[in-house]
Amino acid sequence: MTDTRIADIRVTPIAFSDPPLRNNAGCHQPYALRSIVEVETEGGIVGLGETHAGKELLDGMTDLAPRLIGMDVTDLNGLWAHARRALWPMPDPRVQLRVVAGIEVAMWDAYGKATDRRVCDLLGGQMRKTAPFSAYLFYKFAKHAGRDTADMWGEVATPEQLVNEAHTLVDQHGFRSFKVKAGVLPPDEEIAGLEALREAFPNAPLRLDPNGGWHLHTTLDLLPRLDGLVQYLEDPTHGIPAMATVQAATEIPLATSMCITSDADLPEGISRKAAQVILSDHHYWGGLQATRELARICAIWGVGLSMHSNSHLGISLAAMAHLAVSLPHLSYDCDTHYPWQTDEVIEGGKLRFDKGALTLPEGPGLGVTLDRDALKRLHQNYLDCGYTERDDASEMRKHLPDWQYAHPRF
Ligand code: GKR
Ligand code: MG
């Protein structure tokens, strides 16, 4: 068999176009940042990973990568041991896991490519044919601040515009369920948006995610209006104690991608019943293996599992899909920002959804290869755009100069 010891690790920060999507923390900037990880083996195989970006993450990669040279790509325990030595403690503990995740996925991909096996098979085998995704709806501005022309989506600020956006996503990708990013407009307006979606798509599951943007008392007041309308309510309010209070007051399952996001949150989050659904995210939890362990913990404790997303490209989508098809316990359609992205970094261009689901790209590993010209172009974007961190709040003030960050807002 080809030599699967790690010979080199390359990390390339990229910036790709992103529309002016709104959330509780502000507005997406014209470019979203990611890091593309290449793990090259002694046998010349290149495994791919994609993860978050930012100075601290890139510094973490620089500290960790050289320690892994010579290690086998199957040595996930070795990866964690080196990561603990190189990265713990870091000022922001979330970043360590995102560093590990980017490299871990590339190690799985390299091993799959070296052994002619798909990542989902290495993860235990395929449980479902395709990975199911939901349409991720956003309120948005028509154009980025300072630009002359509107993007193809136009402004989305009313129930009617939200329904039009949903129709476009369904026409393009066949989605069968919807997640609405909330915490942007006053809750009455967002619930009117949900009601309009219910009328337009009577049978589609709907979810609402205010990103912790509602006060506890606001959330409690709104529960009767949401009961029967949403499949789950994601992070209406902030923190485990407040979420637990809400969950105790309603039959609506609460979901979270904010208050239970790492091992450290699990004991308190589960014992206080802060949510009935955890949104996994292999970038947050430290990779594919750690997310499988999370799925098992959720199954044992009777907690549902869904999947969270941030703006991402095809390497992440392929990794999410391999994970999703291999998880015995996956209770809901996964989130993805992918339809909002026009750029791509893999050969062959964008992956395609069919009836809202993704069939795994063909081939060993993740089934995707790097488009080196695209990587070069998107890295140049990164150098030219001057962003080093995501900053939705500053971007929002370019649209509305008096806007202030408030969490909760309503
Ligand atoms: O892209 O604006 C966004 C989302 O709000 C994202 O940042 C969240 O992390 O999608 C995410 C979520 O489910 O909370
Ligand atoms: Mg969320």
Side-chain angles (χ1 to χ4, degrees), residues 15-34 51-54 92 94-95 97-98 101 133-141 144 153 156 165 169 177-185 190 206-214 219 230-240 242-243 246 253-262 265 269 274-285 304-313 316-317 320 332-341 387 389-396 399 403 405 407-409:
F16 55 87
S17 304
D18 202 21
L21 307 177
R22 297 180 60 182
N23 59 33
N24 184 256
C27 178
H28 286 210
Q29 295 162 289
Y31 292 101
L33 306 181
R34 294 294 267 187
T51 189
H52 292 241
D92 182 348
R94 295 172 307 175
V95 174
L97 297 167
R98 294 170 190 191
F133 288 90
S134 67
Y136 201 155
L137 306 181
F138 281 85
Y139 292 102
K140 66 181 287 298
F141 293 113
H144 281 295
W153 299 92
V156 179
E165 183 184 272
L169 284 166
S177 55
F178 299 95
K179 160 166 171 163
V180 181
K181 176 64 21 170
V184 173
L185 306 175
E190 292 181 345
L206 306 176
R207 314 163 184 171
L208 193 72
D209 177 13
N211 275 127
W214 295 349
T219 310
V230 291
Q231 178 185 40
Y232 60 63
L233 176 60
E234 183 177 331
D235 292 306
T237 194
H238 189 59
I240 288 175
M243 286 282 284
V246 177
L254 294 193
T256 185
S257 66
M258 294 179 81
C259 76
I260 307 176
T261 58
S262 70
D265 302 322
Q276 288 181 24
V277 183
I278 292 178
L279 277 83
S280 65
D281 178 331
H282 72 267
H283 311 89
Y284 277 22
W285 287 82
L305 193 80
S306 190
M307 197 183 281
H308 166 265
S309 138
N310 277 121
S311 305
H312 65 90
L313 295 183
S316 277
L317 183 65
M320 290 155 76
Y332 299 94
D333 295 349
C334 305
D335 291 354
T336 178
H337 285 63
Y338 195 66
W340 292 105
Q341 262 59 76
Y387 303 156
E389 305 287 343
R390 173 178 173 175
D391 186 352
D392 292 13
S394 303
E395 189 64 25
M396 187 66 176
H399 293 271
W403 184 89
Y405 178 74
H407 192 246
R409 176 174 303 285

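Whatever order the structure lists them in is the order used to number ligands and atoms, beginning at 1.
Using a 3.5 Å distance cut-off with no hydrogens or angles, the side chains of Ser177 and Tyr332 do not pair a donor with an acceptor.
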| request: Would you check, one step at a time, whether the test side chain to side chain contact (heavy atoms under 4.5 Å, CB included) holds for Trp340 with Phe138? | output: CA-CA 10 Å; Trp340 292 105; Phe138 281 85; 3.6 Å; yes
| request: Would you sort out whether Asp335 and Arg207 count as a side chain to side chain contact (heavy atoms under 4.5 Å, CB included), showing the intermediate values? | output: CA-CA 11 Å; Asp335 291 354; Arg207 314 163 184 171; 3.2 Å; yes
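The backbone N or O of Gly183 sits less than 3.5 Å from a side-chain atom of Glu190, completing a donor-acceptor pair. Ser134 contributes no side-chain N or O that, together with a main-chain N or O of Asp333, makes up a donor-acceptor pair within less than 3.5 Å. Side-chain atoms of Asp235 come within 3.5 Å of backbone N or O of Ser257 as a donor-acceptor pair.
A search for side-chain hydrogen bond (donor to acceptor under 3.5 Å, both in side chains) contacts involving Asp209 returns Lys179, Lys181, not counting sequence neighbours. In terms of the side chain to side chain contact (heavy atoms under 4.5 Å, CB included) criterion, residue partners of Gln341 (sequence neighbours excluded) are, by chain and number, Phe16, Asp18, Pro19, Ser311, Leu313, His337, Lys350.
Between Tyr284 and His308, the angle of the ring planes lies from 30° to 60°, which puts this pair in the tilted group.
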May I have a table of the N/O to N/O pairs between ligand 1 and the protein that fall below 3.5 Å, each row giving the two atom names and the distance to 0.1 Å?
| residue | atom | partner | partner atom | Å |
| --- | --- | --- | --- | --- |
| ligand 1 | 1 (O) | His28 | NE2 | 2.8 |
| ligand 1 | 1 (O) | His337 | NE2 | 2.6 |
| ligand 1 | 2 (O) | Asn23 | ND2 | 2.6 |
| ligand 1 | 2 (O) | His28 | NE2 | 2.8 |
| ligand 1 | 2 (O) | Arg390 | NH2 | 3.3 |
| ligand 1 | 5 (O) | Lys181 | NZ | 3.0 |
| ligand 1 | 5 (O) | Asn211 | OD1 | 3.2 |
| ligand 1 | 7 (O) | Asn310 | ND2 | 3.1 |
| ligand 1 | 7 (O) | Arg390 | NH1 | 3.1 |
| ligand 1 | 7 (O) | Arg390 | NH2 | 3.1 |
| ligand 1 | 9 (O) | His308 | NE2 | 2.8 |
| ligand 1 | 9 (O) | Asn310 | ND2 | 3.1 |
| ligand 1 | 10 (O) | Tyr136 | OH | 2.5 |
| ligand 1 | 10 (O) | Ser309 | O | 2.9 |
| ligand 1 | 13 (O) | Lys179 | NZ | 2.8 |
| ligand 1 | 13 (O) | Asp209 | OD2 | 3.0 |
| ligand 1 | 13 (O) | Glu234 | OE2 | 3.1 |
| ligand 1 | 14 (O) | Lys181 | NZ | 3.2 |
| ligand 1 | 14 (O) | Asp209 | OD2 | 3.1 |
| ligand 1 | 14 (O) | Asn211 | ND2 | 2.8 |
| ligand 1 | 14 (O) | Ser257 | OG | 3.2 |

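Shown here are the protein N/O/S atoms lying under 2.8 Å from the Mg ion (ligand 2), water excluded: Asp209 OD2, Glu234 OE2, Ser257 OG.
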